Amino acid sequence: MEAGLPAISVSPNQGKLLQMLAQIVGARSILEIGTLGGYSTIWLARGLRPGGHLLTLEVEPKHAEIARTNIEHAGLQDVVEVQLGSALEILPQLSTRRRGPFDLIFIDADKPNIPNYFEWALKLSRPGALIIVDNVVRNGAVVDAASSDASVQGVRRFIELLGARSDLGGTAIQTVGTKGYDGFAIVLVGATS
Ligand code: SAH
Ligand code: DHB
Ligand code: MG
């Protein structure tokens with residue numbers, strides 16, 4: 001399904017969890033940042049309420065094209081919109097065009113920008129929404145405050161931002177599977193910590 005793409009999609013067990021989380025919040029509108037071949041997109045879209053909609057952002061034209069093909073094969077072309085472009089350029093436009101608020105936002109693009117994506121996700125989500133961030137464990141590397149890895153530092157700054165907000169509750173769940181040892185952060189917007 002994802003021939004020619006890096007093997008960095010969520011694992012099947014993570015995909016199922018994303019779908020269930022969408023179902024649990026009764027999501028009618030989902031925003032995804034980082035589409036790749038649309039694997040997580042399809043799991044999430046299958047968790048939408050009937051009539052729901054998913055918007056996914058992807059900067060690489062080749063990835064967006066493969067994702068659109070996969071989404072069509074899954075019969076989800078009327079449910080999912082793949083928007084090509086850099087997420088940090090698109091997110092402010094979504095805000096001014098009054099897209100959203102979203103019920104679930106999945107952040108899974110370039111890791112150094114996680115804190116920026118999280119700030120936009122807060123602006124674009126309704127109270128009671130879930131914001132889910134992928135790759136927050138990284139084989140345990142995130143515990144190293146002195147890490148020179150920009151991805152690790154991106155995750156760490158996001159966790160610091162979260163910790164400083166008393167109006168946000170969240171947790172990180174570690175997952176072990178075909179993707180090794182990694183995890184999701186899950187933030188419930190509007191729930192106090
Ligand atoms: N969510 C996918 C995996 C995404 S991999 C899944 O689990 O199936 C990360 C994706 O983010 C890549 O396709 C990459 O091209 C995209 N990306 C990286 N930087 C980006 C940016 N600035 N804006 C939008 N997409 C970006
Ligand atoms: C990698 C894994 C991911 O899940 C992702 O979104 C980006 C990169 C990786 O292993 O490099
Ligand atoms: Mg990921």
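Ligands are counted one by one from 1 in listed order, and the atoms in each one are counted from 1 as well. What you are looking at is a predicted structure, and each value in this text was computed from that prediction instead of being measured.
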Can you measure from CD1 (I71) to OG1 (T41) and round to the nearest 0.5 angstrom? 5.0 Å
Take D103 and R126 through the salt bridge (Lys or Arg N to Asp or Glu O under 4.0 Å) test and state the conclusion after the steps. CA-CA 6 Å; D103 304 316; R126 66 158 169 86; 2.5 Å; yes
Checking the N or O distance criterion of under 3.5 Å, is ligand 2 in contact with A109? no
Are any non-hydrogen side-chain atoms of K62 and L5 less than 4.5 angstrom apart? yes
When every non-hydrogen atom of L36 is compared with those of P6, the smallest separation belongs to CD2-O, 3.6 Å
Do R138 and ligand 2 have an N or O pair less than 3.5 Å apart? no
Value for CG (D144) from CZ (R138), rounded to nearest 0.5 Å, stands at 13.0 Å
Min side-chain heavy-atom separation P112-Q153 under 4.5 Å: no
Considering only heavy atoms, does T35 approach ligand 1 within less than 4.0 Å through its side chain, its backbone, both, or neither? backbone
Taken to the nearest 0.5 Å, the spacing of T35 OG1 from D108 CG works out to 9.5 Å
Check ligand 1 against S9 and write out every atom of the ligand that is under 4.0 Å from a heavy-atom position of the residue. 6 (C), 7 (O), 8 (O)
For N135, take its heavy atoms, then give the atoms of ligand 2 lying under 4.0 Å from any of them. 2 (C), 3 (C), 4 (O), 5 (C), 6 (O)
Have T56 and E81 got a donor and an acceptor in their side chains that come within less than 3.5 Å? no
Under 4.0 Å, heavy atoms only, figure out whether ligand 2 is touched by the backbone of V10, its side chain, both or neither. neither
If hydrogens are left out, which of G34, A64, A7 has an atom nearest to atom 11 (O) of ligand 1, that is, the closest non-hydrogen atom? G34
Between D108, D110, I8, which one has a non-hydrogen atom sitting closest to atom 1 (N) of ligand 1? D108
Ligand 1 atoms in contact with G85 (distance to a heavy atom under 4.0 Å): 23 (N), 24 (C)
Return a yes/no value for S9: is any of its N or O atoms, backbone included, closer than 3.5 angstrom to an N or O of ligand 2? no
Nearest heavy atom to atom 13 (O) of ligand 1 wins, so pick from E60, E58, Q14. E58
Provide the atom name of the closest N, O or S atom of D108 relative to the Mg ion (ligand 3). OD1
I'd like to check which ligand 1 atoms, numbered from 1 as shown, lie under 4.0 Å from a non-hydrogen atom of S86. 22 (N), 23 (N)
Any side-chain heavy-atom pair from V155 and I114 closer than 4.5 angstrom? yes
Will you find, in the side chains of Q14 and S11, an N or O donor that is under 3.5 Å from an N or O acceptor? yes
Atom indices of ligand 2, in the order listed, that fall short of 4.0 Å to a heavy atom of D134: 4 (O)
Please check whether A87 reaches ligand 1 - meaning an N/O of the residue sits under 3.5 Å from an N/O of the ligand, judged on distance alone. yes
Which option, N116, V59, L88, owns the non-hydrogen atom nearest atom 25 (N) of ligand 1? V59
When every non-hydrogen atom of A87 is compared with those of I33, the smallest separation belongs to CB-CG2, 3.6 Å
Going by heavy atoms in the side chains, are F106 and L44 under 4.5 Å from each other? yes
Suppose we measure from atom 6 (O) of ligand 2 to each protein heavy atom; which comes out shortest, and what is that distance? D108 OD1, 2.6 Å
Apex the Mg ion (ligand 3); atoms D134 OD2 and N135 OD1; angle rounded to 10 degrees: 90°
Given Y117, Y39, F106, W43, identify the one with the heavy atom nearest to atom 22 (N) of ligand 1. Y117
Atom 10 (O) of ligand 2: nearest protein contact (heavy atom, Å): I8 CG2, 3.8 Å
Heavy-atom contacts with H63 under 4.0 Å: which atoms of ligand 1 show up? List them by number with element. 12 (C), 13 (O), 15 (O)
Could you check if a side-chain atom of L94 sits within less than 4.5 angstrom of a side-chain atom of L31, using non-hydrogen atoms only? yes
